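Numbers for residues simply follow the sequence, beginning at 1. Quick caveat: nothing in here was measured; it's all calculated off a predicted structure.
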Amino acid sequence: PARPSELTNYIEQLTNQIKSTQIQHPPKASLRAIIMPHAGYIYSGLTAAHASLVLRENQFNRIVMLGPDHRVGFTGGAISDANAYETPLGLTKIHEDAGKLLRLSPLFKSIPISDKREHSLEVVLPFLQHYLKAFELIPIVLGPGNIDRYASTLDPLLDDRTLLVVSSDLSHYLPYSEAVAKDEETIQTILNLDVNQLVKRDNVACGKIPILITMAIARRNGWHPVFLHYSNSGDTAGDRSRVVGYTVIAFYGGTPMQHETDSSQPFSKHQGQILISLARQTIADRLGQQSIKVDTNSLSDNAFQEKRGTFVTLTTKGQLRGCIGSLEAGESILTGVKRNAINAAFHDPRFSPLKADELDKVDIEISILSQPQPLKYSDSKDLLSKLRVKIDGVVLRKGSSSATFLPQVWEQLPQPKQFLSHLCLKAGLSADTWKNQPLEISTYQVQYFEEEK
């Protein structure tokens, strides 16, 4: 419907029909992604409304929406270079990271004809506007491409305030009973996160590529799919001789700082800046310099007494000037930050001790670590597949040799092979040790804070 009031009333009527539906939310997990249909609302609207069971106002401030190309025919992904999407419910601004993907990733380009002809994103958008209210959008229409490359590029965007939304219908134009059977198999394949099986099957979903990307990301991050609803056009407003299937499936998992093995809550930006100020004050005190003192009341925050691994990184004009930390959670965050600030400034063996006239030129970064967890793998290929680019910090050990890279290092070494080779060199091993010798590998995640100017 083109009229805002009519569209709102229609979505509310659909939503009211399913309010009593009960679902089982996974414990200690957050909504990370959702698959929704994109047919006309008389056909798929009732199924789409089941998203209301897991969405609430202001739950997310950014949506990464993946939809399939139905109309144009292109490889890679299309991202609009417009400023916003408009529906009868208003404007949804396109997030600045959409422009960054266009500029920095060869996977994506602007295709104006796709903006004009494609509907897969726009049809879902009013439901999101109604349920979530305010958010910004990264809209991606996908043609054929490498699923792993798509997943590796999009995964780093998915923080705890970002939802991944997949727009897809299921099988097309089969007789009713055949469609139901096929769609049930497809849904079970998605719930099993069986990427290889879904790749092999035909006429399973028009948004097969977006779904495969989401399944790949879910496997990387340990997300759990939860089935919410299925119907087809034969159940709603179409005849049963040729139907189209629809489903809503939610994916639950921990945020980057909330894995099943780590119940800690993420720290706020304000808390991060307090820790950076503490690190700067600690270094200044050692140098005998005056500095802005950190408010002692702010340091009394109970969250800072939590025992966590921490790293302090110093840079000058973007170049590393010192980086020391502790992987294990043996001391409070406050104690760790102070100790590692001194060590990064004066005891990193790669650099001379920091001098007084350098402190004003130094930028400070604080990393708070989750507890490292052993990573089981069968061979080098399996190891590469299990590392999560820009998410995992990696600890490598062989005998008495060991080294770690924080997740931030992926920015300089974005290829897993390159990352592991440099990590081996850092540990004093040959660059190809990871390829042909067993290693003890652990991974962890970080929440890090850069110094505000």
Side-chain angles (χ1 to χ4, degrees), residues 10-11 13-24 33-55 66-71 118-124 126-127 142-144 147 165-216 218-219 223-252:
Y10 194 8
I11 293 176
Q13 289 172 18
L14 294 168
T15 304
N16 288 334
Q17 291 182 55
I18 57 92
K19 271 188 175 179
S20 61
T21 304
Q22 299 295 315
I23 63 168
Q24 190 69 34
I34 190 166
I35 298 172
M36 296 177 63
H38 57 234
Y41 291 178
I42 61 170
Y43 300 104
S44 69
L46 186 63
T47 292
H50 281 73
S52 66
L53 299 174
V54 297
L55 298 179
L66 310 181
D69 165 42
H70 292 89
R71 308 288 185 181
E118 186 51 58
H119 68 277
S120 60
L121 305 185
E122 289 88 338
V123 174
V124 175
F127 282 95
L142 291 159
I147 300 300
V165 176
V166 171
S167 171
S168 179
D169 297 337
L170 296 181
S171 67
H172 283 55
Y173 310 132
L174 298 175
Y176 183 89
S177 58
E178 187 178 340
V180 170
K182 190 177 189 73
D183 291 341
E184 286 179 349
E185 290 179 8
T186 299
I187 290 168
Q188 192 57 53
T189 301
I190 295 170
L191 297 178
N192 293 338
L193 296 180
D194 192 341
V195 172
N196 292 332
Q197 183 62 31
L198 192 66
V199 166
K200 297 174 185 175
R201 303 182 74 229
D202 294 323
N203 191 15
V204 293
C206 54
K208 182 176 178 179
I209 291 170
I211 291 173
L212 285 168
I213 293 168
T214 303
M215 292 168 67
R219 285 171 63 93
W223 295 350
H224 305 287
V226 176
F227 170 73
L228 299 185
H229 193 253
Y230 168 76
S231 70
N232 63 48
S233 56
D235 297 314
T236 51
D239 70 70
R240 295 196 167 194
S241 62
R242 296 173 79 246
V243 305
V244 177
Y246 318 113
T247 192
V248 173
I249 298 174
F251 293 77
Y252 283 84

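Listed here is the closest heavy atom pair of I209 and P144: CD1-CA, 3.5 Å. Considering all non-hydrogen atoms of both residues, P68 and C206 come closest at CB-O, 3.1 Å. Pairing each heavy atom of S171 with each of N203, the nearest pair is CB-O, 3.4 Å. Here the closest non-hydrogen pair linking A49 and I18 is O-CD1, 3.4 Å. V243 and A179 get closest at one heavy-atom pair: CG2-CB, 3.3 Å. For the pair F251 and A218, the tightest heavy-atom approach, listed with the atom from each and the gap, is CD2-CB, 4.0 Å.
Between atom CG of residue D169 and atom OG of residue S233 there is a gap of 9.0 Å, rounded to the nearest 0.5 Å. Between the CD1 atom of I190 and the OG1 atom of T214 there is a distance of 9.5 Å, given to the nearest 0.5 Å. Annotation: the span from L142 atom CG to I211 atom CD1 amounts to 11.5 Å, rounded to 0.5 Å. Here Q188 contributes atom CD and D194 contributes atom CG; the two are 10.0 Å apart, rounded to the nearest 0.5 Å. With rounding to the nearest 0.5 Å, the separation of CD1 in I35 from OG1 in T47 is 13.0 Å. Residue K19 holds its NZ atom at 13.5 Å from NE2 of H50, rounded to the nearest 0.5 Å.
In this structure a side-chain-to-backbone donor-acceptor pair under 3.5 Å is missing from K182 to V204. The backbone N or O of Y43 lies less than 3.5 Å from a partner atom in the side chain of T236, making a donor-acceptor pair. Remark: side-chain polar atoms of Q17 are not paired, donor with acceptor, to backbone N or O of L46 under 3.5 angstrom. Remark: the backbone N or O of F227 is not paired with any side-chain donor or acceptor of H229 at under 3.5 angstrom. Of the possible donor and acceptor atoms, one in the side chain of R219 sits under 3.5 Å from a partner among the backbone N and O of L193. For D235 (side chain) and N232 (main-chain N/O), a donor-acceptor pair under 3.5 Å exists by modelled atom type.
For S52 and T15, the side-chain atoms include no donor-acceptor pair closer than 3.5 Å. Between the side chains of D239 and Y176, no donor-acceptor pair is found at a separation under 3.5 Å. Between the side chains of T186 and R201, at least one donor N or O lies within less than 3.5 Å of an accepting N or O. Side chains of H38 and S120: no donor on one and acceptor on the other come within 3.5 Å.
When side chains are defined from C-beta on, L170 does not count as touching Y246, because their heavy atoms never get closer than 4.5 Å. Between S167 and L66 the shortest side-chain heavy-atom distance does not fall below 4.5 Å.
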Show your working on side chain to side chain donor-acceptor pair (under 3.5 Å) between Y230 and D183 and close with a plain yes or no. CA-CA 9 Å; Y230 168 76; D183 291 341; 2.6 Å; yes

The test is side-chain contact (heavy atoms from CB on, under 4.5 Å); show your working for L198 and L212 and say whether it passes.
CA-CA 8 Å; L198 192 66; L212 285 168; 3.7 Å; yes

Decide side-chain contact (heavy atoms from CB on, under 4.5 Å) for L228 and I249; before the verdict, give the C-alpha distance in whole Å, the side-chain angles of both, and the deciding distance to 0.1 Å.
-> CA-CA 5 Å; L228 299 185; I249 298 174; over 6 Å; no

Query raised in the report: Under the side-chain contact (heavy atoms from CB on, under 4.5 Å) criterion, do V123 and Y41 qualify, and how do the steps go?
Result: CA-CA 8 Å; V123 174; Y41 291 178; 3.5 Å; yes

| request: Kindly indicate, with the supporting measurements, whether the criterion side-chain contact (heavy atoms from CB on, under 4.5 Å) is fulfilled by F127 and L55. | output: CA-CA 10 Å; F127 282 95; L55 298 179; over 6 Å; no

